[in-house]
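What follows is one structure encoded as structure tokens, with my remarks underneath.
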Amino acid sequence: MPLVDDIVRLKREKRAIILAHNYQRPEIQDIADYVGDSIELSKKAMDEREAELIVFSAVDFMAESAAILNPRKKVVLPTLGARCPMAQMLTVDEVKRAKTLHPNVPLVLYVNSLASAKACCDICCTSANAVAVIESLTADTVLFGPDRNLAEYVGEKTGKTIIPVPEWGFCPTHLLFQPEDVQIMRMQYPDALVLAHPECNGEVRKCADFVGSTSQMCRYARESSARRFIIGTEEGLLHRLRRDNPGKEFLLAYEGAVCPNMKLNTLDRLHAALREEKYEVRVPESIARRARKALERMLALKT
Ligand code: 13P
Ligand code: SF4
């Protein structure tokens, strides 16, 4: 039986749902029940009632958030090694050090962080709501990690003092975008609009007409009357942008912008994940309880 048909059969038999991030391979996006950015996927996982099994095609921290937010469901990640390197850049020791150095300063953690780090923070955020989360706090000084670029971006937008933890956390894929490449493309395609993810550096963000999460970029492109867009985020988003906007043209601002961790998930691994219900994501309840508070506080905000 062809692989895709067998995935559909297994999904039905196991009462499973496939959630896929916007950076997943095209063939995975096409077979998924839902494709979205990290906050949309968290909400989907949290609200899921029918399915017994959630196959989370993305990287570790996203599947962990799903397991934390919906502990009654079995959540599996198709590839054991699909880990976000940015999340690994912030250890619990570093978090504790920052909190000791800056007592009484609230700590906001980007969801791209380990569950054990989230358990120590006051509230989480994603790239879609980071500005609103910071604005929701009364404090004028905020500890923020692990992404230095997102920290700078929210500082610019809110006018608050943002202390990055660690000092230089970054996404290795978004680091590849450089302002020179964007400027050259702008000269080549003067009619194009530039959309960038806030994980890009400040110079790239300055070149952009719009800065937002992956799904916010999709919305912007759909609603815009422009016909051509230069995209500053991981290449997987282009599949969704092209599929949703057949009459529009999408160009990647740097051809090599591929997240190797996101791309570890393949149809074969998705099939095995469904068949063998692996690899189950489990977060110890002592950590999950505290991390859930920080995630739920974020999700309760009207953004
Ligand atoms: P989004 O929440 O915008 O989808 O971003 C997640 C991510 O990992 C970006 O690199
Ligand atoms: Fe992590 Fe960057 Fe990959 Fe997003 S694109 S999952 S931040 S390494």
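In what follows, residues are counted from 1 in the order of the sequence shown. Counting convention: from 1, in listed order, for ligands and their atoms alike. Atom set for the values below is all heavy atoms of this structure, side chains included, hydrogens, waters and symmetry mates excluded.
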Look at the side chain of Ser215 and the backbone N and O of Asp37, then say whether any donor-acceptor pair between them is shorter than 3.5 Å.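 Flag set: sc Ser215 to bb Asp37 pair under 3.5 Å.
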I need the atoms of ligand 1 closer than 4.0 Å to a non-hydrogen atom of [X], numbered in the order shown.
{"X": "Ser213", "result": "3 (O)"}
{"X": "Glu199", "result": "7 (C), 9 (C), 10 (O)"}
{"X": "Asn112", "result": "7 (C), 8 (O)"}
{"X": "Tyr23", "result": "7 (C), 9 (C), 10 (O)"}
{"X": "His174", "result": "10 (O)"}

Which of the numbered atoms in ligand 2 are below 4.0 angstrom from a heavy atom of [X]?
{"X": "Asn112", "answer": "7 (S)"}
{"X": "Glu199", "answer": "2 (Fe), 7 (S)"}
{"X": "Pro85", "answer": "8 (S)"}

What are the two closest heavy atoms between Cys121 and Leu107, and how far apart are they? CB-O, 3.5 Å
Within the 4.5 Å heavy-atom criterion, are [X] and [Y] side-chain neighbours or not?
{"X": "Lys118", "Y": "Cys124", "value": "yes"}
{"X": "Asn261", "Y": "Cys84", "value": "no"}
{"X": "Leu3", "Y": "Asp268", "value": "yes"}
{"X": "Tyr34", "Y": "Ile17", "value": "no"}
{"X": "Leu90", "Y": "Val95", "value": "yes"}

Closest by any non-hydrogen atom to atom 1 (P) of ligand 1: pick that one out of Asn261, Val59, Thr233, Thr214.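 Selected option, by shortest heavy-atom distance: Thr214.
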I need the single residue from Thr173, Thr214, Thr233 that forms a side chain to side chain donor-acceptor pair (under 3.5 Å) with Tyr23. Which is it?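 Running side chain to side chain donor-acceptor pair (under 3.5 Å) over Thr173, Thr214, Thr233 with Tyr23 returns exactly one hit, Thr233.
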Flag yes if more than 12 heavy atoms outside Lys160 fall under 6.0 Å of its NZ atom; otherwise flag no. yes
Report yes if Asp37 has an N/O atom closer than 3.5 Å to an N/O atom of ligand 1; otherwise report no. no
Closer than 2.8 Å to atom 2 (Fe) of ligand 2, do we get an N, O or S atom from Cys171, backbone or side chain?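 Of the N, O and S atoms in Cys171, at least one lies under 2.8 Å from atom 2 (Fe) of ligand 2, which means yes.
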Mode of [X] contact toward ligand 1 - side chain, backbone, both, neither (heavy atoms, under 4.0 Å):
{"X": "Ser127", "value": "side chain"}
{"X": "Thr126", "value": "neither"}
{"X": "His197", "value": "side chain"}

Give the residue, atom name and distance (to 0.1 Å) of the protein heavy atom nearest [atom].
{"atom": "atom 1 (Fe) of ligand 2", "result": "Cys84 SG, 2.4 Å"}
{"atom": "atom 3 (Fe) of ligand 2", "result": "Cys259 SG, 2.4 Å"}
{"atom": "atom 2 (O) of ligand 1", "result": "Ser38 OG, 2.5 Å"}

Short N-O contact, Arg243 and Asp30, less than 4.0 angstrom: yes
Just to check, does His21 reach to within less than 4.0 Å of ligand 1 when the distance is taken from its heavy atoms?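 A heavy atom of His21 does come that close to ligand 1.
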Among the clusters formed by ILVMFWY side chains lying less than 4.5 Å apart, do Leu299 and Leu109 turn up in the same one? no
